[in-house]
Amino acid sequence: MPEDCIFCRIVAGEIPSTIVYEDDHCVAFRDINPQAPTHVLVIPREHIVGMAELEGAAPELLGHLLMVAAEVARDGGLAESGYRTVINWGPDAGMEVAHLHIHVLGGRRMTWPPG
Ligand code: AMP
Ligand code: ZN
């Protein structure tokens with residue numbers, strides 16, 4: 001585990017977080033700086049850097065993360081109202097943490113295109 005990866009440290013329980021779902025493959029927790037009434041991050045337990053380094057990742061794991069994102073949204077009562085899933089990569093997208101994560105945002109009307 002990269003010592004300086006904040007999300008690996010959350011997985012390891014070294015940094016506190018509000019976990020809403022976890023299984024053998026992934027963890028979902030509330031974003032510390034929520035951009036919507038519901039803002040959850042779904043991450044693999046394994047340190048996958050992000051969109052630029054998916055080659056070594058199991059396709060099943062990547063699919064699983066998306067299914068968990070949908071489950072988290074459903075459990076959060078967002079299935080009817082809708083929600084947005086986002087993966088940022090690189091400076092133009094404003095990526096801050098280089099450990100793959102899916103944002104699940106909902107509970108307010110969002111604009112398109114994103115800012
Ligand atoms: P990104 O810009 O896609 O890399 O998103 C990183 C997200 O991680 C941001 O929305 C941050 O608010 C969030 N974040 C950073 N540190 C923590 C933390 N300790 N607990 C929960 N969320 C965090
Ligand atoms: Zn990591």
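Note that ligands are numbered from 1 as they come in the structure, with each ligand's atoms numbered from 1 the same way.
Cluster membership check: I32 does not share its hydrophobic cluster with I10, using side-chain heavy-atom separations under 4.5 Å among Ile, Leu, Val, Met, Phe, Trp and Tyr. Under the 4.5 Å side-chain heavy-atom criterion for grouping Ile, Leu, Val, Met, Phe, Trp and Tyr, L62 is connected to Y21 within one hydrophobic cluster.
Atoms of ligand 1 found under 4.0 Å from any heavy atom of N33, numbered from 1 in the order shown, are 12 (O). Within ligand 1, counting atoms from 1 as listed, the ones closer than 4.0 Å to a heavy atom of N88 are 1 (P), 2 (O), 3 (O). Ligand-side atoms of ligand 1 in range of G94: 2 (O), range being under 4.0 angstrom from any heavy atom.
Using 4.0 Å as the threshold, I10 has a heavy atom nearer than that to some atom of ligand 1.
Of the listed options I43, V97, D31, V40, D31 places a heavy atom closest to atom 7 (C) of ligand 1. Nearest-heavy-atom check against atom 4 (O) of ligand 1 across Q35, H39, E96, R30 picks out E96. The closest non-hydrogen atom to atom 15 (C) of ligand 1, taken over L41, I15, I32, comes from I32.
Ring orientation note: the planes of H99 and H47 are nearly perpendicular, at an angle over 60° on the 30°/60° scale.
Around atom CG of D23, more than 12 heavy atoms belonging to other residues, nucleotides or ligands sit under 6.0 Å away.
Around the Zn ion (ligand 2), the angle linking H99 (ND1) with C8 (SG) is 110°, rounded to 10 degrees. Taking the Zn ion (ligand 2) as the apex, the angle formed with SG of C5 and ND1 of H47 is 110°, to the nearest 10 degrees.
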